[in-house]
Amino acid sequence: MTDDDSGTWAPDGGYGWVVVGGSFLAHLVIGGFMRSGGVIFLELREKFNESAADTAWVISLAVTVRMLFGPLASALCNRFSCRTVVIIGGVLLCVGVLISGFTPNLAFLFFSYSLVGGIGRAFIYTPAVIIVALYFERRRGTAAGIANAGIGSGTFLVPPIVEILFQNFGFTGAFILLAAFGLQSCVSGALFRPLALQNRITKRKPYETEIEIKEPTLCEVKSTQGNNGFSYNGVKSPLFPTVRADENEVTRSLPNLLQTNKKFLSTLSASLILHGASSEVINLTGSVQLYNGSRKSLNSKTVDSENEIKQSSVSASPVLLNLSLLRNIKFLSFCIGICLYTLSFQAFYVFLPPLAIQNGQSDIEAVYVVSIAGALETIGSISSGIILDLPMIKPHRLLIYNIVLFILGILTFITPFLGVFEWLSFTCGIYGFLLGSGLAQKATLVVDILGVEHVVSSLGLLVCFQGFGVLFGPPLSGLLKDFYGLYGPGFYCSGAAMIASGIVQGLGGIIHHVYQREK
């Protein structure tokens with residue numbers, strides 16, 4: 001059972017909160033691995049004694065693969081279901097981390113930890129974002145905030161535990177236990193019940209609206225002149241009884257509208273979705289399917305001005321990955337901005353523990369700084385969902401997001417100058433709070449830009465852009481560290497990238513606004 005054909009009825013509660021709980025757990029696993037990158041980075045440097053840049057590539061590629069395989073995970077969710085994809089991802093993550101514990105050298109980790117483990121994380125993370133967006137509409141911001149709080153919780157809980165595991169069980173033992181931790185994501189997948197199945201279980205089946213158009217016979221053409229040769233059999237709807245085409249002017253003109261007016265077709269699709277039209281008739285991309293008596297897709301015929309019949313069809317197949325979405329300047333700028341945004345904060349978290357140690361903190365204090373940021377990130381994720389769902393705030397969500405980016409950039413710039421543990425903890429706590437606020441609303445902001453009908457493809461593309469940011473962020477900071485001998489320059493570069501993200505997204509919004517006014 002696929003997830004793309006189940007999204008026409010969002011419960012906005014009920015079992016949806018169980019799905020949010022599963023998504024929270026999936027985010028906790030992903031966040032735990034991702035934000036433990038700094039601790040693992042230190043252990044890898046100590047074991048293999050490689051350069052900072054080469055070691056950072058292992059951590060960077062693991063997250064990059066997760067992002068770049070986001071579109072594939074999105075497509076598999078369309079083809080199968082979020083539940084199936086997450087369970088497969090949990091097994092892959094477990095296998096990848098397990099064999100990493102027996103690695104003979106750093107190069108082998110590029111295959112085990114980065115590639116296999118990264119694909120597993122992609123199959124966990126992307127469906128965990130998609131399933132929440134499908135189950136919620138009015139409360140989407142709140143639900144996304146609670147689910148994304150798992151990242152902050154993983155950041156708070158896992159890095160200190162990982163440090164303890166390495167200290168008490170050694171390199172191999174720590175990776176074996178981390179593999180078992182990754183396998184827990186299969187529990188999340190088991191909770192991701194496909195929405196169509198949920199609708200059937202709760203007996204809240206969407207209404208089915210069926211439109212039938214048949215090819216006319218010669219006598220029908222004569223008897224229905226002015227109807228372009230079509231005889232409309234009727235509309236089955238729970239709102240109206242079946243009517244004959246010759247009894248109603250609207251139904252008599254409906255076939256012509258469906259075939260000649262794409263704007264009308266789009267409007268009809270959206271209206272049917274809002275009124276609970278069957279997922280067999282409306283797919284997640286918002287296209288309408290026309291069926292004949294045998295319930296197969298119908299090729300309809302239209303008559304042009306010269307009375308020549310041309311063949312046309314209404315596509316019913318779901319779009320797995322819609323690259324045409326990048327033509328939307330607002331969405332494209334958001335994607336570029338999220339790339340720079342990810343480049344910045346991923347490097348920040350990987351090199352925060354080494355920076356703290358360089359500035360005089362102990363190993364455990366360096367890990368605690370990351371945990372404090374994670375705790376505040378959890379609070380930011382939840383509170384941002386509640387605040388940004390307020391009616392007076394909703395229209396300004398993108399603007400608030402842009403302001404947050406500029407503040408994060410400034411905080412990144414000043415972090416290398418903080419040698420006192422208390423000040424470093426305070427700054428990183430504010431950073432985590434604002435970062436959680438931004439990350440939690442990623443899916444919500446995409447829906448604000450494109451609409452819910454494009455949520456699956458748009459999130460897949462967005463995750464792909466994040467992958468490019470992760471790919472270059474930590475290695476670039478590692479190169480700067482190798483060149484200057486200090487971690488500070490990497491933080492300056494990350495701060496500049498965060499501010500650039502805000503500028504790019506702001507310009508995209510302005511260009512989009514100007515274009516809309518000119519239209």
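Note that these values count all heavy atoms, side chains included, but never hydrogens, waters or copies made by symmetry. What you see is a predicted model; the values in this text were computed from it and never measured.
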Next item on the list: For residues Ser501 and Gln505, determine if any side-chain heavy atom of one lies less than 4.5 Å from a side-chain heavy atom of the other.
Entry: yes
Item checked: Distance-only polar pair, side chains of Ser185 and Ser188, donor-acceptor under 3.5 Å -> no
Next item on the list: Go through the steps for Leu183 and Leu93 under the test side chain to side chain contact (heavy atoms under 4.5 Å, CB included), then give the verdict.
Entry: CA-CA 7 Å; Leu183 192 61; Leu93 176 59; over 6 Å; no
Item checked: Flag side-chain contact, heavy atom, 4.5 Å: Leu72 against Phe123 -> yes
Next item on the list: List the atom of Ser344, the atom of Ser494, and the distance in Å for their closest heavy-atom pair.
Entry: OG-O, 2.7 Å
Note to self: Rounded to the nearest 0.5 Å, what separates atom OG in Ser51 from atom CZ in Arg45?
What the structure shows: 7.0 Å
Check: Given Phe175 and Thr103, is the side chain to side chain contact (heavy atoms under 4.5 Å, CB included) satisfied, shown in steps?
Finding: CA-CA 10 Å; Phe175 271 98; Thr103 179; over 6 Å; no
Check: Tell me, do Leu507 and Ser333 make a side-chain contact under 4.5 Å, heavy atoms counted?
Finding: no
Next item on the list: Report the residue from Ile336, Leu408, Val504 that forms a side-chain contact (heavy atoms from CB on, under 4.5 Å) with Tyr341.
Entry: Leu408
Notebook entry, point to check: Do Leu476 and Cys493 have side chains that get closer than 4.5 Å, going by heavy atoms?
Noted result: yes
Note to self: Walk me through whether Tyr492 and Leu480 qualify under side chain to side chain contact (heavy atoms under 4.5 Å, CB included).
What the structure shows: CA-CA 10 Å; Tyr492 307 145; Leu480 292 173; over 6 Å; no
Item checked: Side chain His27, main chain Ser23, donor-acceptor under 3.5 Å -> yes
Check: Are any non-hydrogen side-chain atoms of Val19 and Phe192 less than 4.5 angstrom apart?
Finding: yes
Item checked: Straight-line distance of Phe108 CZ to Ser100 OG, nearest 0.5 Å -> 7.0 Å
Check: Can you tell me how far the CZ atom of Phe24 sits from the OG atom of Ser153, to the nearest 0.5 Å?
Finding: 3.5 Å
Item checked: Rounded distance [0.5 Å steps], CG in Leu435 versus SG in Cys428 -> 11.0 Å
Notebook entry, point to check: Val162 and Ser36: which non-hydrogen atoms are nearest, and at how many Å?
Noted result: CG2-OG, 3.6 Å
Next item on the list: Would you confirm whether the ring centroid of Phe33 sits within less than 6.0 angstrom of the ring centroid of Phe181?
Entry: yes
Next item on the list: Write down the atom of Pro353, the atom of Leu42, and the distance for their closest heavy-atom approach.
Entry: CB-CD1, 4.3 Å
Checklist line | Residues, nucleotides or ligands: over 12 heavy atoms within 6.0 Å of Phe331 CZ | finding: yes
Item checked: Distance in Å, Thr55 OG1 paired with Leu44 CG, rounded so as to fall on 0.5 Å steps -> 6.5 Å
Note to self: Taking the side chain as everything from C-beta on, heavy atoms only, tell me whether Val18 gets closer than 4.5 Å to Arg193.
What the structure shows: no
Margin query: Looking at every heavy atom in both Ala53 and Leu479, which two are closest together, and how far apart are they?
Written below: CB-CD2, 3.8 Å
Notebook entry, point to check: In terms of the angle between their ring planes, are Tyr135 and Tyr15 parallel, tilted or perpendicular, with boundaries placed at 30° and 60°?
Noted result: tilted
Next item on the list: State, to 0.1 Å, how close Thr412 and Gly495 come at their nearest heavy-atom pair, and which atoms those are.
Entry: CG2-N, 3.5 Å
Next item on the list: With the side chain counted from C-beta on, respond yes when Thr84 and Leu76 share a heavy-atom pair under 4.5 Å apart, and no when they do not.
Entry: no
Check: Quick one: which of Leu61, Leu343, Val65 gives a side-chain contact (heavy atoms from CB on, under 4.5 Å) with Leu471?
Finding: Leu61
Note to self: Check the orientation of Phe351 and Phe41. Use parallel for under 30°, tilted for 30 to 60°, and perpendicular for over 60°.
What the structure shows: perpendicular
Next item on the list: For the pair Gln184 (side chain) and Ala180 (backbone), establish whether a donor and an acceptor sit closer than 3.5 Å, ignoring hydrogens and angles.
Entry: yes
Check: Between Leu434 and Leu411, is any pair of side-chain heavy atoms under 4.5 Å apart?
Finding: yes
Margin query: Looking at every non-hydrogen atom in both residues, tell me the closest pair between Leu462 and Cys335 and how far apart they are.
Written below: CD1-SG, 3.8 Å
Next item on the list: Step by step, work out the side chain to side chain contact (heavy atoms under 4.5 Å, CB included) result for Val85 and Thr126.
Entry: CA-CA 9 Å; Val85 176; Thr126 305; over 6 Å; no
Checklist line | Nearest-0.5 Å distance that lies between atom CZ in Phe156 and atom CG in Leu376 | finding: 10.0 Å
